[in-house]
Amino acid sequence: MTSAEPVPRKPDIARQTPRVSIAVRRVALAKGPLGRDALKRFKDWDDGRPETELNFKFYRQATNKIVGITDETAAFLDRFF
C-alpha cells in the first residue's frame with residue numbers, strides 16, 4: 001500500500017461505517033487465476049483452508065472493503081504473485 005487516509009464522516013448521518021481511502025501500487029502480475037470459479041467450491045467454513053477464507057471474504061461479504069487475513073492465507077496468496 002502506498003497511502004491510506006480516513007474519509008471524513010458526513011455530519012448529517014447519525015450512524016455510519018468508518019471509511020478509508022487507499023492508494024496501492026501493483027508490483028507483480030498474478031501467475032494464475034484465483035477468481036470466483038476457482039474459489040467457489042471451498043464452502044466448508046470449518047476446514048481452515050486459505051481458499052475458504054478468501055471465498056468467504058471476497059464473495060460472501062461486501063467486496064469493496066479492506067479485511068484482515070490470517071498469516072496462512074497471506075502465504076497462500078504469495079504463491080500467486
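We use all heavy atoms of the structure for the numbers below, so side chains are in, but hydrogens, waters and symmetry mates are not. As the structure is a prediction and not an experimental result, all values here were calculated from the model.
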Find out whether V7 and V20 are in side-chain contact, i.e. whether some heavy atom of one side chain is under 4.5 Å from a heavy atom of the other.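 No; the side chains remain at least 4.5 Å from each other.
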Are the side chains of K40 and N55 in touch, meaning some heavy atoms are under 4.5 Å apart?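 Result no, sub-4.5 Å side-chain heavy-atom pair not found.
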Looking only at heavy atoms, which two atoms of P33 and A38 are closest? And how far apart?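 Closest heavy-atom pair between P33 and A38: O-CB, 4.4 Å.
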Sequence neighbours excluded - ring pair (Phe, Tyr, Trp, His ring centres under 6.0 Å) pairs with any residue from residues 2-49: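 Output for this query lists W45-F56.
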For the CZ atom on R19, are there more than 12 heavy atoms of other groups (residues, nucleotides or ligands in this structure) within a distance under 6.0 Å?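 Open.
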Begin from the C-alpha positions of L54 and L34 and carry the test side-chain contact (heavy atoms from CB on, under 4.5 Å) through to its verdict. CA-CA 10 Å; L54 292 173; L34 188 62; 4.1 Å; yes
Side chains of residues 73-81: which donor-acceptor pairs under 3.5 Å do they make with residues two or more places apart or in other chains?
unit_1 : atom_1 : unit_2 : atom_2 : d
T73    : OG1    : E53    : OE1    : 2.4
T73    : OG1    : T70    : OG1    : 3.0

Would you compute the distance between atom CZ of R9 and atom OG1 of T17 and round it to the nearest 0.5 angstrom?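 Result: 8.0 Å between the selected atoms.
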Which value, rounded to the nearest 0.5 Å, describes the distance between L39 atom CG and R49 atom CZ?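 That separation rounds to 10.5 Å.
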